[in-house]
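Worksheet: the structure to be examined is printed underneath.
Residue numbers start from 1 in every chain, and the chains themselves are labelled A, B, ... in the order their sequence lines are given, proteins ahead of strands.
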Amino acid sequence: MSAGKWKLALRNLSRNRRRNFATGTAIATGFAALIALGGFVNRTENHLRVYTVYLNRVGHINIYKADGLDKFSTKPRLYSLDETDVAKIQQVISELDNIEIHGGQLIGAGIVGNGCRTVPFVAKGIDPKVDLQLRNHAEMRKWVPKLRDFSRGAGLWNYDEQLGGIVVSTGLAKILGKTVVNDELPKDQKPVLVVNCAAPDAKDKIAADTNVQLVAGSWSGMMAAQDAEIVATFVSAIPELANSAVETSLAQLQRLYDTGSVTFYSLWLKDPRQLKQNISLIKDRLAAVGLKADIYPWMDENVAPFYSGTMQFVYVMVSFITFVLAAVVVLSIFNSATMTIIERSQEIGMMRSLGFTRKQIRELFVMEMLLLAAFSIITGGIVATLGILLVNNLGVTYNPPGIVGGMILKLIPNLKIVLQSGVITLSLAVATTLIAVRKVVRTNIATLLLGSQR
Amino acid sequence: MVARKSLFTIILGFVAVGSYAYGKGGSTSGPAPSAEELLKDSDRARGALEGGISWEIDVETFEDGGQNKVHYLVKVKGVDALAEAVAPARNKGETMLFNDRNLWFFKPGLKKPVAISARQKLMGQAANGDIASTNYYRDYEGKVTGEDKIGSADCYKLELKAKAKNVTYDGIRYWISKKDHLGLKAEFLTVSGDMFKSAMFKYNNNVSIDGKPSLFVSEMDILDALKQGSHTVIKYSNPKPESHPDSQFNINNLVR
């Protein structure tokens with residue numbers, strides 16, 4: 001395509017500015033909307049991914065005893081990973097380069113009491129050092145900076161194991177009547193025994209310390225109880241556990257249930273893009289060392305039903321909006337191009353009679369559309385940037401299903417999204433122009449010159 | 001005329017006797033007891049006595065191929081009961097205190113006692129409410145629904161419905177022997193009426209109540225309806241009337 005043709009195309013564009021402005025506006029708006037949508041999906045996907053993988057501690061790879069995911073809750077002793085199993089897993093992963101963080105996790109339920117009443121809890125036990133690494137992970141800082149913080153207090157890694165520190169959900173702390181955490185008490189504060197739970201001052205006495213009792217049926221079939229001190233409160237990542245979530249050290253939870261086993265073993269990868277290869281490798285090597293295990297990637301709906309369900313919903317919703325957007329852009333371009341072509345049918349006939357081929361005519365119209373689309377995309381990009389800056393600074397919080405505390409509405413597109421949006425917009429514009437021009441270029445020259453095409 | 005009068009008297013006599021027998025459910029051994037009477041009697045053989053009594057129990061749990069056993073000393077006075085673990089050493093001192101329908105758990109080293117629900121299952125298949133005395137008469141509304149046989153024993157079959165929310169079970173199907181008014185079998189039901197566990201009882205102990213020797217429960221074998229092979233056996237021994245001071249059943253004294 002020569003420079004002369006581009007000049008001709010540019011000159012033609014300037015002949016009907018109002019119509020081209022309207023077409024360009026449709027393209028620019030479509031492009032900006034695609035970037036914004038892409039930014040929304042990118043932000044939501046990354047927020048939920050980091051929320052799931054690091055905050056909710058569903059590792060990139062989760063290793064369960066064979067059938068353990070389904071049967072652990074009813075037969076924990078049979079369907080958990082014991083010390084020997086864990087040693088085998090650690091041996092296997094020690095030979096892999098892509099493992100960044102790893103650790104066993106134990107899940108259990110029971111009741112927690114404040115000396116006057118008890119309520120159910122669901123606890124997750126993890127090595128506090130692993131917890132520290134996860135909370136300080138770069139991904140957490142980038143995508144969920146606020147959620148990584150505790151509502152009150154400090155993480156378990158700051159306390160001696162002897163203290164029996166636990167972190168409870170804000171809802172559970174409220175139900176238990178605990179308004180302070182361990183660090184907020186005087187150092188010599190002793191547990192306050194409430195002699196009469198019906199007394200008017202009972203509530204104040206309960207709130208005066210952080211001491212609670214965890215009670216559960218141990219794996220050996222007996223009743224077990226432990227003292228614990230609330231060192232922090234947090235907003236539970238799982239809405240169903242907002243009033244019952246407890247996080248504690250793996251060792252403490254193992255003592256409560258009288259076991260050395262873990263429910264599952266999680267691995268966090270340096271490069272999650274190698275997830276499939278790593279799973280395949282680990283599966284083979286675990287089989288080689290004689291461990292029958294089930295391995296689940298983090299996005300599996302069995303281990304992360306919330307992520308899986310929410311993202312499916314987001315994808316369906318965004319696909320529908322994209323389809324509507326594309327239809328609007330395509331119809332706008334088609335309408336504008338058709339009118340332009342009909343108006344210019346005598347001109348096309350003239351060009352054909354001067355020796356322009358059908359292909360050259362098509363090229364001319366495509367070049368005009370490419371110039372218009374390019375200009376519109378640049379404008380759309382500027383509009384999108386300004387719009388996104390505005391939205392991101394408004395700090396609007398919305399509540400997608402399943403996310404405790406809601407999400408701040410932010411649109412975070414990346415280069416890939418911008419390029420994809422540009423390619424889609426350009427492709428739609430060119431394809432629509434070709435369809436509009438196709439019939440006219442096939443019409444014979446005499447008909448075009450007579451203007452009977454109109 | 002005299003002969004006619006005699007015949008009438010005889011017929012009337014037969015009708016009267018027949019009506020009486022029909023009114024007793026076809027039995028000629030006496031009037032059928034009410035559900036309340038049956039529950040009162042059966043509770044007595046399971047520790048619900050006005051005066052003080054004590055006994056020992058072994059709670060043996062079989063679950064997931066594992067086995068565990070704890071020996072308790074149980075003291076009962078009216079609606080209060082205290083069950084203290086005495087063996088093995090790791091469980092020694094663990095105490096469950098029942099103040100009426102309120103249940104407390106405490107063990108040495110705990111800074112505070114734990115208030116727990118009687119229906120919480122924290123020990124094998126036995127709910128904590130199974131450990132101490134049984135007070136079905138107080139806790140459940142009973143209704144005799146039929147007759148049945150447990151082994152060779154003729155029984156009344158009762159349907160019990162919880163009178164309050166803080167009792168151990170929502171509902172119970174209970175078989176009480178006709179002969180001794182002893183609870184021989186129980187099926188424990190969820191709120192929707194499904195059975196989730198059952199229990200069989202044996203009465204090989206004797207205890208003197210008001211100077212009269214009475215049979216006393218010796219074994220309760222609890223089967224989990226959902227987990228095959230899992231069961232808990234509570235063995236009762238050495239029941240004896242004994243007076244206990246009220247202070248023994250005070251949670252604050254227990255903690256101190």
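In this structure a side-chain-to-backbone donor-acceptor pair under 3.5 Å is missing from B/H231 to B/F62. Under the 3.5 Å distance criterion, the side-chain polar atoms of A/T170 are left unmatched by any main-chain donor or acceptor of A/T233.
Only the backbone of A/V192 has a heavy atom closer than 4.5 Å to any heavy atom of chain B. The contact between B/K107 and chain A is made entirely by side chain atoms (from C-beta outward), counting heavy-atom distances below 4.5 Å. Neither the backbone nor the side chain of A/N196 comes within less than 4.5 Å of any heavy atom of chain B.
With sequence neighbours excluded, the residues that form a side-chain contact (heavy atoms from CB on, under 4.5 Å) with B/A199 are B/F188, B/F201, B/M220, B/I222.
Using cut-offs of 30° and 60° for the angle between ring planes, the A/W219 and A/Y257 rings count as tilted. Taking the six-membered ring where the residue is Trp, A/W157 and A/F150 present tilted rings, their angle falling between 30° and 60°.
Note: A/A225 leads A/P191, A/C197, A/C116, A/A225 in heavy-atom pairs under 4.5 Å with chain B.
No side-chain donor-acceptor contact under 3.5 Å links A/Y265 and A/K88. Side-chain atoms of A/Q213 and A/D227 form a donor-acceptor pair, as typed in the model, at a separation below 3.5 Å. Side chains of A/Q252 and A/E161: a donor-acceptor N/O pair is absent below 3.5 angstrom, by distance only.
Using a 4.5 Å heavy-atom cut-off against chain B, the contacting residues of residues 65-83 of chain A are A/T74, A/K75, A/P76, A/R77, A/L78.
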